[in-house]
There are 2 protein chains.
Amino acid sequence: MSDPLPRIEPDRLVHEPARLAILVILSAVEEADFLFLLEQTGMTKGNLSSHTARLEAARYIEIEKTIVGKTTRTVYRLTDAGAHALALYRDHMTGVLELLTSRAGSPSNPPTER
Amino acid sequence: MSDPLPRIEPDRLVHEPARLAILVILSAVEEADFLFLLEQTGMTKGNLSSHTARLEAARYIEIEKTIVGKTTRTVYRLTDAGAHALALYRDHMTGVLELLTSRAGSPSNPPTER
DNA sequence: CAGACCGGTTTGCGTCGCAAACCTATTGTA
DNA sequence: TACAATAGGTTTGCGACGCAAACCGGTCTG
């Protein structure tokens, strides 16, 4: 009884829902542009911009601005470090959620009483 | 292609690691006192106090102060609402993490569309 | 040339998470 | 009895964060 209980300390850079959304998308498509991320995530431009900036600062993604025709195109790509951080995050959170996956009023489970 | 992609919008009250830790513990033991939570989570007293206060305000846990001998004992217990929120959170995050569970690390992918 | 739009970035602000400081009651201990 | 330390929490102060509005340089249209 009273196990050590695994510390819940996810990478907060990844844990933030907005950034997690970005990372999930990038892990699926590997290379997306601003507008694509914008519509997929549903966030505002400012929001998206600042979050991508933070992810880039952490080297989790790379941002590449190319010139296409008359205008620019900004593409975002997951780095190896980002993929690694994401994998770590997944493992960590999976472990945490598994502590829950047989109790706590699941849809197919009788809820706990008081 | 370009599926709607499930919105990543976890209950932020639950999503915060410190509170998630508290909820996970309470879902496992149902009824824990302050000191127990303190040592299991490893957080400071102030921190624990404010987070439990927020969880109580949301009716996710209930706080009961009893008098034991000369001093008081504060016990924390998950409410039905808390268990429900936790189950929802688990399902939500499980879904999100599943988007990841076969990739995130391999540099071999289809390019973007738009 | 004016204005609308596109693709982003910067600014401002309310909220949050954190630990230090504080508080009240109890327990040594001289 | 006094007085210091400890236990069990709560409140305070502050830095960091997430958010959307405002802004900005370039294009395209009329």
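Quick caveat: nothing in here was measured; it's all calculated off a predicted structure.
If you take CG of B:L13 and C1' of C:dC16, they are 11 Å apart, rounded to a whole angstrom. Between the CG atom of B:L37 and the C1' atom of D:dT10 there is a distance of 16 Å, given to the nearest Å.
Put simply, the side chain of B:I61 reaches to within 4.5 Å of the side chain of B:L23, judged on heavy atoms. Annotation: side chain of A:L38 is in contact with side chain of A:L35 (closest heavy-atom distance under 4.5 Å).
Here the side chain of A:H15 pairs no donor or acceptor atom with the backbone of A:E9 at under 3.5 angstrom.
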Got a list of side-chain donor-acceptor pairs under 3.5 Å for residues 64-71 of chain A, not counting sequence neighbours?
| unit_1 | atom_1 | unit_2 | atom_2 | d |
| --- | --- | --- | --- | --- |
| A:E64 | OE1 | A:R77 | NH1 | 3.2 |
| A:E64 | OE1 | A:R77 | NH2 | 3.0 |
| A:T66 | OG1 | A:R73 | O | 3.4 |

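A residue-by-residue look at A:R12 and A:T71 shows that A:T71 has its nearest nucleotide of DNA chain C further toward the 5' end.
As judged by a 4.0 angstrom heavy-atom cut-off over every strand, B:A53 is placed among residues making no nucleic acid contact.
Taking the charged nitrogens against the carboxylate oxygens, A:R90 and B:E98 have no contact shorter than 4.0 Å, which rules out a salt bridge.
Within the structure, a side-chain polar atom (N or O) of A:R54 is placed less than 4.0 Å from OP1 or OP2 of D:dG18.
A side chain to side chain donor-acceptor pair (under 3.5 Å) with B:Y60 holds for exactly one of B:D80, B:T52, B:D11; it is B:D11.
If you check residues 44-52 of chain A against DNA chain D, the residues with a heavy atom closer than 4.0 Å are A:T44, A:G46, A:N47, A:H51, listed by number.
Between B:F34 and B:Y76, the ring planes lie tilted relative to each other; the angle falls in the 30° to 60° range.
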Atom pairs, protein N/O to nucleotides 1-5 of chain C N/O, distance under 3.5 Å:
none

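Listed nucleotides: C:dG17, D:dG9, C:dT9. Nearest to the side chain of A:K65: C:dT9.
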